[in-house]
Enquirer: 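Before I ask anything, let me first share the structure, which is written out below as structure tokens.
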Amino acid sequence: TEFISANDLASLLDVSVNEIISTCMSLGMFVSINQRLDAEAITIIADEFGYDVEFTKDIEEEIVEEEEDKPEDLVERAPIVTIMGHVDHGKTSLLDYIRRSKVTAAEAGGITQHIGAYDVRTKDGHKIAFLDTPGHEAFTAMRARGAKITDVAIIVIAADDSIMPQTKEAINHAQVAGVPMIFAINKVDKPNANPNKIKEELANMNLLVEEWGGKYQSQDISAKTGQGVDELLEKVLLEAEILELKANPNKNAVGTVIEASLDKGRGYVATVMIQAGTLHVGDVMVAGSHYGRVKAMFDHTGKKLKEAGPSTPIQILGLSGAPQAGDSLKVYDNEREAREIANSREQIQREQSLRTKKHITLDEIGRRL
Ligand code: GTP
Ligand code: MG
């Protein structure tokens with residue numbers, strides 16, 4: 001029963017495949033009829049229909065066995081925020097402004113290296129973790145893999161422009177994923193800026209902003225002058241408060257891979273958002289089909305860390321390869337177990353890629369005929 005298609009799962013659960021697909025949608029996963037589902041997805045979907053899944057392989061058993069946290073073990077955690085919007089509307093400028101002016105003074109001099117995630121402390125000392133997803137594709141890819149790591153989405157819209165196709169796409173992504181949105185109406189320093197026109201366009205899409213009596217928070221900002229950025233961050237914190245974000249910091253770390261690559265000097269480097277538990281140097285981890293011991297970890301300023309708790313984005317050295325964006329990272333007490341899980345995942349991936357290859361070949365033959 002590992003890696004069955006959405007269609008097969010439907011017949012196993014005795015529901016229509018459309019029900020499977022729409023359930024997946026509501027969970028923020030896009031699947032097609034013949035798409036094969038991984039253990040995590042199968043477990044989640046089956047649960048929606050009231051089934052407990054029992055898998056035969058070790059790798060899947062651990063997913064079933066994962067225990068829930070006791071309420072008394074949960075503590076508040078910082079929100080994880082993704083910034084989305086149309087090309088050139090100012091996402092990077094906003095991120096740059098926030099990073100430049102808000103990053104704690106502890107930041108070591110020199111150039112801040114680009115990593116896909118970083119954390120920021122507001123003037124009054126609250127932490128916010130930002131995800132710098134370069135495009136919607138990464139966001140979609142992660143969600144399709146069942147990773148839900150965004151708590152709040154900031155949708156940037158240029159006030160000298162209109163709601164554009166990618167703005168709509170971003171809004172749609174956030175809505176499907178059930179992530180609350182805050183509209184950042186940007187470039188208000190420009191003489192031809194017209195934030196009211198944007199709010200009107202939003203209203204026409206049934207997205208009435210708060211100052212007009214609706215439920216959506218919005219903030220006029222300029223990523224260039226910094227106007228409104230503090231207020232925007234306050235609104236993010238307000239939204240986070242409503243969500244009552246919590247995690248148990250006192251267990252083996254669980255996180256999601258944002259990006260990973262091979263660095264010639266340092267080996268495989270993975271940027272990971274820790275979501276629960278605390279990761280320590282020396283911990284044995286599995287990320288996707290790779291494993292290893294945490295050799296070193298760094299925050300987004302390049303500062304070495306000994307440990308990292310919930311909602312902390314970090315770079316990790318020590319994995320045996322580069323996992324994919326959206327892969328989960330987990331800590332295990334036992335190195336042998338970690339290796340076995342990584343190896344069996346690798347084998348499944350290999351089998352899958354063989355299948356894909358076969359499919360492509362057949363398709364090409366078909367076209368030639
Ligand atoms: P992509 O990454 O290409 O999707 O664009 P982006 O959304 O990251 O936009 P970016 O931050 O690169 O900004 C695009 C252009 O708009 C740049 O030339 C910025 O300098 C300019 N810009 C961004 N924000 C503001 C603003 O608040 N005021 C003014 N006047 N210009 C801005
Ligand atoms: Mg950009």
Side-chain angles (χ1 to χ4, degrees), residues 79-103 111-120 122-123 128-143 149-177 179-202 205 207 209 211 216-236 258-259 261 271 273 300 313 325-326:
I80 303 172
V81 179
T82 301
I83 302 189
M84 297 193 288
H86 194 72
V87 180
D88 276 353
H89 278 198
K91 300 176 293 293
T92 301
S93 302
L94 174 60
L95 288 165
D96 282 352
Y97 184 87
I98 292 170
R99 186 158 43 176
R100 195 181 323 128
S101 60
K102 310 287 182 223
V103 163
I111 305 153
T112 302
Q113 46 189 318
H114 167 84
I115 69 167
Y118 51 93
D119 57 346
V120 147
T122 62
K123 274 184 186 152
I128 303 177
F130 281 93
L131 272 185
D132 182 359
T133 57
H136 302 149
E137 267 167 42
F139 193 73
T140 312
M142 278 196 213
R143 280 218 335 270
I149 44 175
T150 301
D151 300 310
V152 176
I154 293 180
I155 313 282
V156 175
I157 312 170
D160 64 341
D161 199 1
S162 309
I163 306 260
M164 298 299 280
Q166 263 187 287
T167 318
K168 286 190 184 153
E169 222 176 272
I171 291 170
N172 186 42
H173 280 317
Q175 285 178 325
V176 172
V179 172
M181 296 178 277
I182 301 175
F183 297 107
I185 303 181
N186 190 30
K187 307 197 187 185
V188 294
D189 60 284
K190 284 191 150 186
N192 56 337
N194 188 352
N196 277 341
K197 186 190 131 207
I198 302 294
K199 287 165 202 168
E200 209 172 293
E201 287 177 7
L202 286 172
M205 293 173 66
L207 302 165
V209 298
E211 52 171 316
Y216 294 94
Q217 298 207 72
S218 85
Q219 179 64 47
D220 294 357
I221 63 160
S222 165
K224 194 176 168 186
T225 68
Q227 182 195 327
V229 174
D230 281 338
E231 289 85 347
L232 178 67
L233 296 183
E234 270 164 33
K235 287 178 180 177
V236 168
I258 311 296
E259 60 187 13
S261 60
T271 301
M273 182 68 79
H300 73 274

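For ligands, and for the atoms within them, numbers begin at 1 and follow the listed sequence.
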Enquirer: Find all atoms of ligand 1 within a distance of less than 4.0 Å from any non-hydrogen atom belonging to Ser93, and give their numbers and elements.
Expert: 10 (P), 11 (O), 13 (O), 19 (C), 23 (C), 24 (N)
Enquirer: For ligand 1, does Thr92 get within less than 4.0 Å through its side chain, its backbone, both, or neither, judged by non-hydrogen atoms?
Expert: both
Enquirer: Looking only at atom types and distance, does a side-chain atom of Asn186 sit under 3.5 Å from a main-chain N or O of Ala223, one as donor and one as acceptor?
Expert: yes
Enquirer: Only heavy atoms of His86, strictly under 4.0 Å: list the atoms of ligand 1 that pass.
Expert: 7 (O)
Enquirer: Taking Asp220 first and then Lys199, would you say they form a salt bridge - that is, a charged N and a carboxylate O separated by under 4.0 Å?
Expert: yes
Enquirer: Below 4.0 angstrom from a heavy atom of Lys91, which ligand 1 atoms are there? Numbered from 1 as shown, please.
Expert: 1 (P), 4 (O), 5 (O), 6 (P), 7 (O), 8 (O), 9 (O), 11 (O)
Enquirer: Can you find a heavy atom in the side chain of Leu202 that is under 4.5 Å from one in the side chain of Tyr216?
Expert: no
Enquirer: Taking the side chain as everything from C-beta on, heavy atoms only, tell me whether Gln175 gets closer than 4.5 Å to Leu207.
Expert: yes
Enquirer: Looking only at N/O atoms, are Val188 and ligand 1 under 3.5 Å apart anywhere?
Expert: no
Enquirer: If you measure every N or O of Ile221 against every N or O of ligand 1, does any of those distances drop under 3.5 Å?
Expert: no
Enquirer: With no hydrogens and no angle check, do the side chains of Gln219 and Lys235 hold a donor and an acceptor under 3.5 Å apart?
Expert: yes
Enquirer: Consider ligand 1: state whether an atom of it lies below 4.0 angstrom from any non-hydrogen atom of Gln166.
Expert: no
Enquirer: Does Asp88 approach ligand 1 within less than 4.0 angstrom via side chain, backbone, both or neither, non-hydrogen atoms only?
Expert: both
Enquirer: I'd like to know if the side chain of Ser93 pairs up with that of Lys224 as donor and acceptor (distance under 3.5 Å, no hydrogens or angles considered).
Expert: no
Enquirer: By number and element, which atoms of ligand 1 are closer than 4.0 Å to a non-hydrogen atom of His89?
Expert: 7 (O), 9 (O)
Enquirer: I'd like to check which ligand 1 atoms, numbered from 1 as shown, lie under 4.0 Å from a non-hydrogen atom of Lys190.
Expert: 30 (N)
Enquirer: Judged by atom type as modelled, is there a donor-acceptor pair below 3.5 Å linking the side chain of Lys91 to the main-chain atoms of Gly85?
Expert: yes
